[in-house]
S.K.: 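First the structure, which I've put down as structure tokens, then a few questions once you've had a look.
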Amino acid sequence: KVLFAFYTRLIAGGDLCGLLATAVAQAREKFKYQGVCELNLVLSHRKRVELNRRCNIHFRPSEGAVYLPCPPAKRVQLNAPQPMWIWPGLVLLGCSPIEKRGIRNGCEYMVQTVCASFVTLRDGPTLTHEQAVAVLRLGFAMTYASVQGRETEGTLCLHDTSNGHFTWRHLYVGLSRAKRATDVRVED
């Protein structure tokens with residue numbers, strides 16, 4: 001209710017329409033969740049990768065997590081695979097331009113089991129560690145462009161709001177992904 005009331009003020013007819021700096025300032029003042037957020041929205045893929053790395057380490061359980069390395073040569077691929085810790089219950093995103101090994105781009109997959117050699121996904125395939133790194137990504141950080149059509153039950157942080165490329169559309173899309181205003185933070 002609070003979120004909807006705020007982000008609808010950004011569209012035509014709303015009192016914040018065309019006033020991006022004012023809207024961002026008010027959003028920063030209004031949405032101040034404290035703590036590490038489960039979903040972080042960013043403009044650049046570089047920042048997405050860095051936030052995913054930091055959140056992956058932060059949320060990693062003390063037991064049961066397995067590290068999946070990524071060869072440096074693979075990291076420069078278009079879909080930017082990265083090393084990651086995985087554990088049962090972790091939700092990962094499919095990242096493949098075409099369906100590979102039963103993994104579809106943009107779909108969520110929950111890790112059911114992980115061992116020294118394989119990863120089994122709930123209602124999905126069993127993959128080797130190398131296959132998993134190639135077709136799955138961490139979902140703690142996403143670009144604004146890739147988050148459309150998604151909603152989060154958890155905490156959400158909007159990043160890059162001071163960036164010259166940030167628009168009212170980013171603010172609208174970002175804020176409309178959350179369910180509760182108390183779970184949102186708007187940062188620079």
Side-chain angles (χ1 to χ4, degrees), residues 1-60 70 75-84 90-97 104-110 135-188:
K1 207 172 183 180
V2 172
L3 282 165
F4 181 80
F6 187 88
Y7 63 73
T8 54
R9 295 169 59 202
L10 300 168
I11 59 176
D15 65 313
L16 292 175
C17 181
L19 302 173
L20 179 62
T22 301
V24 168
Q26 287 184 19
R28 285 184 192 140
E29 197 57 38
K30 188 171 209 63
F31 306 113
K32 295 181 170 187
Y33 172 81
Q34 298 295 309
V36 178
C37 289
E38 298 157 314
L39 178 60
N40 297 270
L41 301 182
V42 299
L43 289 174
S44 76
H45 286 288
R46 177 184 290 178
K47 190 165 187 174
R48 175 187 59 80
V49 169
E50 176 56 24
L51 280 169
N52 268 325
R53 184 191 68 74
R54 289 194 336 224
C55 290
N56 185 232
I57 291 167
H58 175 82
F59 289 111
R60 178 184 71 204
C70 179
R75 293 181 199 170
V76 296
Q77 292 177 351
L78 184 61
N79 61 4
Q82 71 182 107
M84 60 183 147
L90 177 66
V91 175
L92 299 168
L93 299 173
C95 186
S96 178
R104 299 177 67 180
N105 195 43
C107 293
E108 293 183 342
Y109 297 92
M110 183 178 286
V135 297
L136 297 169
R137 297 293 169 273
L138 295 168
F140 297 112
M142 300 174 76
T143 63
Y144 288 94
S146 63
V147 79
Q148 291 188 28
R150 293 185 184 275
E151 189 173 58
T152 183
E153 290 285 340
T155 55
L156 171 71
C157 183
L158 278 60
H159 296 266
D160 300 326
T161 60
S162 295
N163 186 299
H165 297 286
F166 189 85
T167 70
W168 70 269
R169 288 178 180 89
H170 295 111
L171 186 59
Y172 182 92
V173 166
L175 291 175
S176 64
R177 302 306 93 187
K179 288 196 171 187
R180 293 170 299 280
T182 56
D183 291 341
V184 177
R185 180 173 68 246
V186 177
E187 288 189 351
D188 287 342

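Only heavy atoms go into these numbers, but all of them, side chains included; no hydrogens, no water, no symmetry mates. Nothing fancy with the numbering, it's 1 onward along the sequence.
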S.K.: Check whether any side-chain heavy atom of Asp183 sits under 4.5 Å from a side-chain heavy atom of Glu153, and report yes or no.
M.R.: no
S.K.: Looking at every heavy atom in both Asp160 and Leu43, which two are closest together, and how far apart are they?
M.R.: OD2-N, 2.7 Å
S.K.: Hey, is the main chain of Ala178 close enough, under 3.5 Å, to the side chain of Thr152 for a donor-acceptor pair?
M.R.: no
S.K.: What is the minimum heavy-atom distance between Leu16 and Gln26, and which atoms define it?
M.R.: CD1-OE1, 3.8 Å
S.K.: Hey, are the side chains of Arg137 and Asn52 touching, using non-hydrogen atoms and a 4.5 Å cut-off?
M.R.: no
S.K.: Distance from Leu93 atom CG to Arg150 atom CZ, nearest 0.5 Å?
M.R.: 5.0 Å
S.K.: Starting at NE2 of His159, measure out to OG of Ser162 and round the result to the nearest 0.5 Å.
M.R.: 12.5 Å
S.K.: Calculate, to the nearest 0.5 Å, the distance between atoms OG1 and CZ belonging to Thr155 and Arg180 respectively.
M.R.: 9.5 Å
S.K.: Taking all non-hydrogen atoms of both residues, which atom of Tyr109 and which atom of Leu136 are closest, and how far apart?
M.R.: CD1-CD2, 4.0 Å
S.K.: For His45, does the NE2 atom sit with more than 12 other heavy atoms under 6.0 Å from it, leaving out its own atoms?
M.R.: no
S.K.: What's the spacing between Arg53 CZ and Met84 CE if we round to 0.5 Å?
M.R.: 14.5 Å
S.K.: Are any side-chain N or O atoms of Arg177 and backbone N or O atoms of Val173, one a donor and one an acceptor, separated by less than 3.5 Å?
M.R.: yes
S.K.: To the nearest 0.5 angstrom, please state how far the CG atom of Leu92 sits from the CD atom of Glu108.
M.R.: 9.5 Å
S.K.: Do Leu138 and Cys55 come close enough that some side-chain heavy atom pair is under 4.5 Å?
M.R.: no
S.K.: Please report the closest heavy-atom contact between Leu39 and Gly139, naming both atoms and the distance.
M.R.: CD1-O, 3.7 Å
S.K.: How far apart are the closest heavy atoms of Asn56 and Phe140, and which atoms are they?
M.R.: CA-CE1, 3.6 Å
S.K.: Angle class for the Tyr172/Tyr7 ring planes (parallel below 30°, perpendicular above 60°, tilted otherwise)?
M.R.: perpendicular
S.K.: For the residue pair Leu158 and Phe31, establish whether any side-chain heavy-atom pair is separated by less than 4.5 Å.
M.R.: no
S.K.: In plain terms, say whether Glu50 and Lys47 are close enough for a salt bridge, that is, a side-chain N and a carboxylate O under 4.0 Å apart.
M.R.: no
S.K.: Taking the side chain as every heavy atom from C-beta outward, state whether Cys70 and Gln82 have any atom pair closer than 4.5 Å.
M.R.: no
S.K.: Give, for atom CD of Glu151 and atom CG of Leu156, the distance between the pair rounded to the nearest 0.5 Å.
M.R.: 11.0 Å
S.K.: Looking at every non-hydrogen atom in both residues, tell me the closest pair between Glu38 and Phe59 and how far apart they are.
M.R.: CG-CZ, 4.0 Å
